[in-house]
A.B. asks: 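Once you've had a glance at the structure underneath, I'll fire off some questions.
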Amino acid sequence: MKKTEVNKLKVLLRKAKSSVIVTHWSPDGDAMGSSLALFNYLTKMKKKATVVVPNEYPEFLHWMPGDAKVLNHQSEPEKVAKLIEKADAVFTLDFNSFKRLEKLGELVEKSKATKVLIDHHQQPDGFAQIVFHDVKACSTCELVYDLIVALGGKKHIDKKIASCLYTGLMTDTGSFRFSSVTAKTHLILADLLQKGAVPNQIHEAVYDTYATNRLKLLGHSLSQKMVVMPEKHLAFISLTEDELNHFSYQKGDTEGLVNYPLSINGIKFSGFFAEMDGKIKVSFRSKGKFDVNKFAREYFSGGGHINAAGGKSDLNMNETISKFLTIINKPDFKVV
Ligand code: 5GP
Ligand code: MN
């Protein structure tokens, strides 16, 4: 944590009367974990703070402490607009561009509040006055932990804050197995366990609460819809809205699906395409050097990290897949 930034934040927190914490569209475990950890910490420090999300997030993330106080911009647009207008500080967590907030981004961009970015994605836009950014951090939760420590708050990390932080560390590292995991990650985890986070309970809450249909959708995706191209070291899965409806799709049901092809020997690049909300949501994952952040930025109006990125396509499913096939069949395309 840069001392200059920590000092600027200390000054801001001393004078700020109200803070808003925002995170990206379709919040995941790291987005909600980091936002709620910061919310619980600020609240404990007697600071007024509110977490605002652009849209709904999966049921399996609703157990986290502080969840009941989260405001959803889609269901309460006026309340959120007023809150952001009045805020002295807006913390932007786990995203690098206002585009990731969709409509909520316009409100945050307009607001006169000091923006505090806490994020680990590549190439953040320069919208924040105070910046805590490290692409080497395994998760935004790792950065929030570091920040709380830098603010002198280590002693205030309790079971609630620890459980939120543990969740983001767990979900963004594929349960502590991606290349982003370091000795430091495990030292933080050890501290979180000492503060009261209970790993088996958190893993069960997030990973063992599936509806039967979610598992059936996974089976369908792998047995019927996965296209494997061993000579190109890649595989991809696509799901239409009809298929999702057939398996009574609930938000979050396709999370993690994109990782499965990477467990095939020799596959180093995986793609996932799903028809949702009138567009095609795109996800990419890789192992090793193939940069999916670059790929998603270049071809699918997205971005993310070197080994995990997402984006979207306004074409229909067939056209999107054709576009993808054209790109990967270019002579200079190579998965390394
Ligand atoms: P996922 O595939 O799980 O949705 O996202 C993988 C990573 O890419 C996450 O870190 C996420 O924040 C980022 N990401 C997902 N979708 C988009 C997008 O549309 N634009 C950008 N810039 N990043 C995305
Ligand atoms: Mn993250």
Side-chain angles (χ1 to χ4, degrees), residues 21-38 53-55 57-58 60-61 91-102 104-105 117-125 127 132-146 164-176 178-181 185 206 236-239 251-262 269-274 276-277 279-286 291-314 320:
I21 301 164
V22 292
T23 192
H24 60 78
W25 181 260
S26 287
D28 57 10
D30 190 32
M32 290 319 296
S34 58
S35 298
L36 285 168
L38 185 61
V53 294
N55 65 333
Y57 47 100
F60 59 79
L61 296 176
F91 290 85
T92 66
L93 267 62
D94 200 38
F95 68 90
N96 52 5
S97 154
F98 285 142
K99 277 192 276 176
R100 296 282 288 134
L101 296 178
E102 302 283 340
L104 175 61
L117 175 136
I118 311 177
D119 184 40
H120 66 136
H121 291 91
Q122 304 271 333
Q123 300 149 285
D125 292 347
F127 58 78
F132 301 99
H133 179 257
D134 186 357
V135 290
K136 291 203 285 304
C138 73
S139 56
T140 298
C141 278
E142 179 174 323
L143 295 173
V144 169
Y145 174 89
D146 281 350
C164 296
L165 292 176
Y166 186 97
T167 303
L169 283 156
M170 174 184 87
T171 55
D172 256 32
T173 58
S175 299
F176 321 114
F178 295 159
S179 58
S180 55
V181 172
T185 315
V206 175
F236 65 93
I237 295 169
S238 62
L239 291 173
K251 201 158 188 68
D253 279 0
T254 57
E255 219 149 281
L257 239 168
V258 63
N259 292 307
Y260 282 89
L262 290 182
F269 173 36
S270 164
F272 175 69
F273 305 88
M276 282 172 189
D277 313 318
K279 318 189 253 259
I280 309 292
K281 156 80 190 138
V282 179
S283 284
F284 297 114
R285 298 292 185 271
S286 68
D291 185 346
V292 290
N293 167 54
K294 195 164 160 249
F295 190 85
R297 267 177 195 263
E298 201 165 329
Y299 302 112
F300 292 98
S301 327
H305 313 278
I306 290 172
N307 295 128
K312 50 184 172 282
S313 163
D314 294 324
T320 304

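All residue numbers in this chain count up from 1 along the given sequence. Just the heavy atoms: all of them, side chains too, but no hydrogens, waters or symmetry mates, feed the values below. Whatever order the structure lists them in is the order used to number ligands and atoms, beginning at 1.
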A.B. asks: Tell me, do D30 and H120 make a side-chain contact under 4.5 Å, heavy atoms counted?
C.D. replies: yes
A.B. asks: Do ligand 1 and R285 have nitrogen or oxygen atoms that lie under 3.5 Å from each other?
C.D. replies: yes
A.B. asks: So does F178 have more than 12 non-hydrogen atoms from other groups sitting under 6.0 Å from CZ?
C.D. replies: yes
A.B. asks: May I ask you to decide if the ring planes of F95 and F127 are parallel, tilted or perpendicular, using 30° and 60° as cut-offs?
C.D. replies: parallel
A.B. asks: Does one side chain, of Q123 or N293, offer a donor that lies under 3.5 Å from an acceptor on the other?
C.D. replies: yes
A.B. asks: Report the nearest protein non-hydrogen atom to atom 19 (O) of ligand 1: residue, atom name, distance rounded to 0.1 Å.
C.D. replies: G311 CA, 3.4 Å
A.B. asks: Could you check which of S283, G303, S301 puts a non-hydrogen atom nearest to atom 13 (C) of ligand 1?
C.D. replies: G303
A.B. asks: For the pair H24 and H121, name the ring-plane relationship: parallel under 30°, tilted 30 to 60°, perpendicular over 60°.
C.D. replies: perpendicular
A.B. asks: With a 4.0 Å cut-off on heavy atoms, is E255 touching ligand 1?
C.D. replies: no
A.B. asks: Would you call I237 and V258 a side-chain contact if the rule is heavy atoms closer than 4.5 Å?
C.D. replies: no
A.B. asks: Considering Q123, H120, R100, H121 one by one, which has a heavy atom nearer to atom 17 (C) of ligand 1 than any of the others?
C.D. replies: R100
A.B. asks: Which atoms of ligand 1 sit under 4.0 Å from any heavy atom of H305?
C.D. replies: 10 (O)
A.B. asks: Taking 2.8 Å as the limit, list every protein N, O or S atom around the Mn ion (ligand 2), by chain and residue number.
C.D. replies: D30 OD2, D94 OD1, H120 NE2, D172 OD2
A.B. asks: Tell me, do T171 and D28 make a side-chain contact under 4.5 Å, heavy atoms counted?
C.D. replies: no
A.B. asks: Can you find a pair of side-chain heavy atoms, one from L169 and one from F176, that are under 4.5 Å apart?
C.D. replies: yes
A.B. asks: When you compare the side chains of T320 and S313, does any donor N or O come within less than 3.5 Å of an acceptor on the partner?
C.D. replies: yes
A.B. asks: Distance under 4.0 Å to a non-hydrogen atom of A308: what atoms of ligand 1 satisfy this?
C.D. replies: 7 (C), 8 (O)
A.B. asks: Is K281 near ligand 1, meaning one of its heavy atoms is under 4.0 Å from it?
C.D. replies: yes
A.B. asks: For S97, state whether at least one heavy atom is located under 4.0 Å from any atom of ligand 1.
C.D. replies: no
A.B. asks: Give the residue, atom name and distance (to 0.1 Å) of the protein heavy atom nearest atom 15 (C) of ligand 1.
C.D. replies: G310 CA, 3.4 Å
A.B. asks: Before you tell me yes or no, could you show the steps for L239 and L257 under side-chain contact (heavy atoms from CB on, under 4.5 Å), namely the whole-Å CA-CA distance, both residues' side-chain angles and the distance that decides it to 0.1 Å?
C.D. replies: CA-CA 11 Å; L239 291 173; L257 239 168; 4.1 Å; yes
A.B. asks: Are the side chains of L38 and I118 in touch, meaning some heavy atoms are under 4.5 Å apart?
C.D. replies: yes
